[in-house]
**Q** 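Pasting in a structure now, in structure tokens, and then I'll have a few things to ask.
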There are 2 protein chains.
Amino acid sequence: MGTSLRDVAVLAGVSVKTVSNVVNGYAHVSPATRAKVEEALARLDYRPNLSARNLRQGRTGVIALALPELDAPYFAELSRFVIDAAAEQRWLVVIEQTDGRLERERQILDGVRDHRVDGLIFSPIAIGADELAARTDDTALVLLGERIHDGPADHVAIDNVRAARDITEHLIGLGRTRIAALGAQDSSISGTAPLRLAGYRQAMAAHGLPEIVATVERYHRADGFAAMTALLTGGTGDAGGTEDAGGIEDAGGIGDAGGVGGTGGAGERPDAVFCFNDLLALGAMRAILSSGLRVPEDIALAGLDDIEDGRYSTPTLTTVAPDKSQLAHIAVDLLKQRIDGRAHAPRELRAGYRLMVRESTVPPPAASGR
Amino acid sequence: MGTSLRDVAVLAGVSVKTVSNVVNGYAHVSPATRAKVEEALARLDYRPNLSARNLRQGRTGVIALALPELDAPYFAELSRFVIDAAAEQRWLVVIEQTDGRLERERQILDGVRDHRVDGLIFSPIAIGADELAARTDDTALVLLGERIHDGPADHVAIDNVRAARDITEHLIGLGRTRIAALGAQDSSISGTAPLRLAGYRQAMAAHGLPEIVATVERYHRADGFAAMTALLTGGTGDAGGTEDAGGIEDAGGIGDAGGVGGTGGAGERPDAVFCFNDLLALGAMRAILSSGLRVPEDIALAGLDDIEDGRYSTPTLTTVAPDKSQLAHIAVDLLKQRIDGRAHAPRELRAGYRLMVRESTVPPPAASGR
DNA sequence: CAGCCCGTTTACAACGTTGGAACAACGTTG
DNA sequence: CAACGTTGTTCCAACGTTGTAAACGGGCTG
């Protein structure tokens with residue numbers, strides 16, 4: 001092992017505790033001893049053993065961030081902000097991926113107790129509110145991006161219902177009338193899907209427009225591609241493709257995702273689509289373009305998440321941009337309060353968002369050619 | 001704190017060590033005692049305190065993965081594989097971001113020594129081979145994705161020179177003659193940029209074609225957009241845009257990146273571009289398309305990394321697909337060997353790659369309409 | 001039945017750190 | 001100059017775990 005306080009103490013000719021005091025900036029150390037100790041510290045290039053410190057103090061300085069998958073751009077971008085926000089507290093972040101699987105989510109929630117981490121920021125998909133409530137563990141927990149009503153834990157998210165309503169209103173404001181929602185889910189218990197769907201419904205109802213709802217199994221490009229293809233061909237067939245290996249070439253023909261249900265007059269092609277996230281929208285965009293239709297002229301397209309891809313696609317993607325930095329900071333702050341033992345009733349906090357109108361709903365003045 | 005071995009021992013009426021033996025599956029424990037202890041363990045829902053175990057054993061079971069930025073899709077995808085590969089060793093992974101800044105890289109390399117992690121998988125950009133060699137620390141280290149010749153540490157990467165040559169050959173094979181390389185860097189010391197440039201040069205030289213090289217500062221979409229715009233307008237102007245907030249709207253007009261140098265006849269528009277990564281390619285694609293030109297008819301475009309975005313862009317992006325899973329597994333294996341103290345001379349290992357030909361170089365049979 | 005072996009269990013120490021009590025040195029006060 | 005407070009330093013214990021060595025006890029051998 002490396003050099004310990006003991007080694008430094010021997011070299012400096014003082015006690016171990018005095019060295020500890022110097023290291024921790026304890027006030028009452030005479031300048032002379034401090035100098036001696038500091039020289040010894042430097043000479044031996046001492047580094048505290050954090051395992052030992054943690055054992056002693058019962059803290060590890062590490063938090064876990066559990067999310068469905070790191071290679072979904074939204075989560076990658078969010079992780080970046082969480083890591084940065086945690087760094088401000090001098091915390092390290094370990095990342096755990098659940099793939100949205102219930103079993104994994106249980107395991108994460110449970111595994112927190114091995115004392116390796118001080119707290120958990122958790123973006124659940126499959127697990128239900130009841131199960132979360134039944135948690136016996138008292139490790140600090142903050143939920144991110146989900147809304148479990150009256151949940152047992154702190155929670156941060158944007159106002160998904162309102163955001164969905166806003167963007168649907170935007171599409172309506174363009175004069176579109178056959179506006180589809182793409183991204184409803186049958187299975188998801190605690191997902192944001194129902195919230196976004198609710199927002200879409202509110203807007204459609206307010207204007208007396210018929211609902212067209214396409215469901216997907218997951219939130220990948222492949223699912224958006226499949227569901228959009230189904231919308232275009234008017235059937236529930238030709239869907240599937242949760243597998244993304246190989247990309248588009250593999251999509252179509254397999255699987256069972258992508259049901260489409262219209263309230264009235266299903267069969268006519270939609271003239272606008274609100275996708276519940278940007279990945280779905282990019283998959284859908286590809287499906288529209290490769291069917292020979294134009295975006296936005298034939299079909300206006302909007303997403304939600306504001307991932308970077310959507311700022312460079314052709315056309316660029318209109319979307320809702322959650323304030324990811326704010327989300328991360330709020331989550332870390334809440335967690336810090338829990339860890340520090342400042343117990344409150346579970347809180348629901350909202351982060352802001354902005355509507356980003358881009359070419360997929362409103363073409364630039366000079367239609368093409370920069 | 002939670003329940004400890006001690007608590008369990010008291011309940012089961014045995015010594016602490018016996019409980020420890022049961023927990024660790026030590027062979028010589030009588031069935032009767034084992035049963036008693038196991039019941040007590042279950043009743044108290046015991047979880048080992050890993051801080052203590054680590055202190056005792058000098059291992060933390062945590063490794064660090066340091067990379068430039070998590071929100072670059074290539075690194076996000078790679079991280080996913082590293083986390084999964086580490087999980088097979090029952091390791092957790094903390095992620096550190098360097099933003100490619102030298103100071104951060106130094107800090108990471110140095111900070112490893114606080115005993116919080118057993119090893120480090122490091123994807124450096126700025127730091128030089130000399131500095132790496134001068135490292136006094138002996139914590140396990142594996143370099144990922146860089147090639148520091150005769151470096152002081154284990155190293156995994158694909159054969160960048162050959163991959164770049166292959167893809168350039170592919171472009172040449174299409175009959176293109178004015179093929180640009182986009183992604184050279186002035187500053188990067190240890191980056192892959194020089195290797196990819198070398199591969200490009202080998203291929204061009206072999207066919208007697210003139211080189212056209214565009215430099216960038218970083219590897220983001222904005223840089224690709226700016227550099228491509230410069231290539232199209234034939235000047236070195238209108239570049240910049242390392243900042244990616246706000247997307248394309250902000251790119252152009254600011255900054256100083258994007259020099260273009262041709263060996264002969266610069267000024268004519270290239271008919272193919274090999275971008276040193278997919279993000280650059282996607283930025284470049286957007287620049288080409290919004291200038292009114294077509295991909296691949298007017299300009300064929302290829303990238304490197306095989307990020308998922310390129311499988312759904314319009315047109316889809318021809319690229320080199322490194323075997324990310326293999327990269328991750330090799331890195332983790334090498335690290336494991338180091339951590340286990342099996343010392344070898346530093347090793348250079350290669351992961352495989354595949355050329356993925358897509359629409360951006362070869363349009364599908366039925367040019368449009370699925 | 002002494003001696004021995006072997007399987008099982010325990011006591012002890014140690015990993016490196018820090019909180020708290022104890023203690024020493026020193027200057028101040030009455 | 002005794003009592004006292006302040007400042008600086010040390011000693012001890014403890015965090016929870018596991019390696020080592022030793023103790024225990026039962027069955028077998030000689």
Side-chain angles (χ1 to χ4, degrees), chain A residues 1-41 44-62 90 112-118 139 341, chain B residues 1-41 44-62 90 112-118 139 341:
Chain A
M1 276 196 155
T3 67
S4 70
L5 283 183
R6 193 193 155 86
D7 304 322
V8 180
V10 170
L11 178 58
V14 298
S15 80
V16 172
K17 187 63 208 292
T18 299
V19 182
S20 169
N21 285 338
V22 171
V23 170
N24 294 311
Y26 179 67
H28 303 299
V29 179
S30 74
T33 9
R34 164 159 279 135
K36 256 193 322 191
V37 171
E38 250 151 17
E39 202 219 305
L41 283 170
L44 296 178
D45 192 21
Y46 169 78
R47 304 306 171 91
N49 180 320
L50 296 187
S51 276
R53 180 178 285 176
N54 296 336
L55 172 58
R56 183 62 233 241
Q57 301 186 326
R59 294 278 178 82
T60 66
V62 179
R90 325 190 111 250
V112 163
R113 252 180 302 180
D114 64 9
H115 305 277
R116 282 165 115 163
V117 299
D118 296 339
T139 311
Chain B
M1 277 196 154
T3 67
S4 70
L5 283 182
R6 194 194 154 84
D7 304 322
V8 180
V10 169
L11 178 58
V14 298
S15 80
V16 171
K17 187 64 212 291
T18 299
V19 181
S20 169
N21 285 338
V22 171
V23 170
N24 294 312
Y26 179 67
H28 301 299
V29 179
S30 74
T33 342
R34 167 158 277 135
K36 255 193 322 192
V37 171
E38 251 151 18
E39 203 219 304
L41 283 170
L44 296 179
D45 192 21
Y46 169 78
R47 304 306 171 92
N49 180 319
L50 296 186
S51 275
R53 180 177 288 175
N54 297 337
L55 170 59
R56 185 60 232 245
Q57 302 185 327
R59 295 278 178 80
T60 66
V62 179
R90 325 190 110 250
V112 163
R113 250 181 306 179
D114 62 8
H115 305 276
R116 279 165 118 164
V117 299
D118 296 337
T139 311

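By convention in this document, chain letters (A, B, ...) are assigned in the order of the sequence lines, proteins followed by strands, and residues within each chain are numbered from 1. Quick note: numbers below take in every heavy atom, side chains included, and nothing from hydrogens, waters or symmetry partners.
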**Q** With heavy-atom distances below 4.5 Å as the criterion, would you say the side chains of T60(B) and S51(A) are in contact?
**A** yes
**Q** Any donor-acceptor pair under 3.5 Å between the side chain of R53(A) and the base of dT17(C)?
**A** no
**Q** What does dT28(C) pair with, Watson-Crick or G-U, if both distances are under 3.5 Å?
**A** dA3(D)
**Q** Answer whether the closest heavy-atom distance between the side chains of Y26(A) and T18(A) falls below 4.5 Å.
**A** no
**Q** Give V14(A) one of three labels, base, sugar-phosphate or nothing, depending on what nucleic acid heavy atoms sit under 4.0 Å from its own.
**A** sugar-phosphate
**Q** Regarding N24(B), tell me which of base, sugar-phosphate or nothing describes its non-hydrogen contacts under 4.0 Å with the strands shown.
**A** sugar-phosphate
**Q** How many Å lie between CG on L55(A) and P on dT17(D), as a whole number?
**A**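 Rounding to the nearest Å, CG of L55(A) and P of dT17(D) are 9 Å apart.
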**Q** Take the protein atom CZ of R34(A) and the nucleotide atom C1' of dT7(D), then report the distance between them rounded to whole Å.
**A** 13 Å
**Q** Heavy atoms under 4.0 Å, any strand shown: does S20(B) hit a base, just sugar-phosphate, or nothing?
**A** base
**Q** For the side chain of H28(A), starting at C-beta, report the closest nucleotide among dT7(D), dG7(C), dC11(D).
**A** dT7(D)
**Q** Are any non-hydrogen side-chain atoms of S20(A) and K17(A) less than 4.5 angstrom apart?
**A**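 Yes, their side chains come closer than 4.5 Å.
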**Q** Does a side-chain heavy-atom distance below 4.5 Å link V23(A) with R53(A)?
**A** yes
**Q** Quickly work out the Q57(B) CD to dT17(D) P distance and round it to whole Å.
**A** 11 Å
**Q** Consider the side chain of R56(B), meaning its heavy atoms from C-beta on, and name the nucleotide among dT10(C), dA14(C), dT18(C) that approaches it most closely.
**A** dA14(C)
**Q** Can you figure out which of dG16(D), dT17(C), dT10(C) approaches the side chain of N49(B) most closely?
**A** dG16(D)
**Q** Taking the side chain as every heavy atom from C-beta outward, state whether V29(B) and E38(B) have any pair of such atoms under 4.5 Å apart.
**A** no
**Q** I need the CG-P distance between N54(A) and dT17(C), as an integer number of Å.
**A** 11 Å
**Q** Over how many whole Å does the gap from L5(B) atom CG to dC15(C) atom P extend?
**A**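 Rounded to the whole Å, the gap is 19 Å.
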**Q** Using a 4.0 Å heavy-atom cut-off across all strands, classify T33(B) as base, sugar-phosphate, or nothing.
**A** sugar-phosphate
**Q** Send over the distance from R6(A) CZ to dG16(C) P, rounded to a whole Å.
**A** 9 Å
**Q** Quick one: on DNA chain D, does P31(A) or T3(B) contact a more 5' nucleotide (nearest heavy atom)?
**A** P31(A)
**Q** What is the distance, rounded to the nearest whole Å, between atom CG of L50(A) and atom C1' of dG16(C)?
**A**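 In whole Å, dG16(C) C1' lies 11 Å from L50(A) CG.
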**Q** What's T18(B) touching, base or sugar-phosphate or nothing? Going by heavy atoms closer than 4.0 Å.
**A**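 Answer is base: heavy atoms of T18(B) come under 4.0 Å of a base.
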**Q** Run the numbers on T3(A) and D45(A) for side chain to side chain contact (heavy atoms under 4.5 Å, CB included), then give the verdict.
**A** CA-CA 8 Å; T3(A) 67; D45(A) 192 21; over 6 Å; no
**Q** Whole-Å distance between dT9(C) P and Y26(B) OH?
**A** 10 Å
**Q** Select one nucleotide: of dT17(C), dT8(C), dT17(D), the one nearest the side-chain heavy atoms of A52(B).
**A** dT17(D)
**Q** On the nucleotide dT17(C), are OP1 or OP2 found under 4.0 Å from the side-chain N or O atoms that S51(A) carries?
**A** no
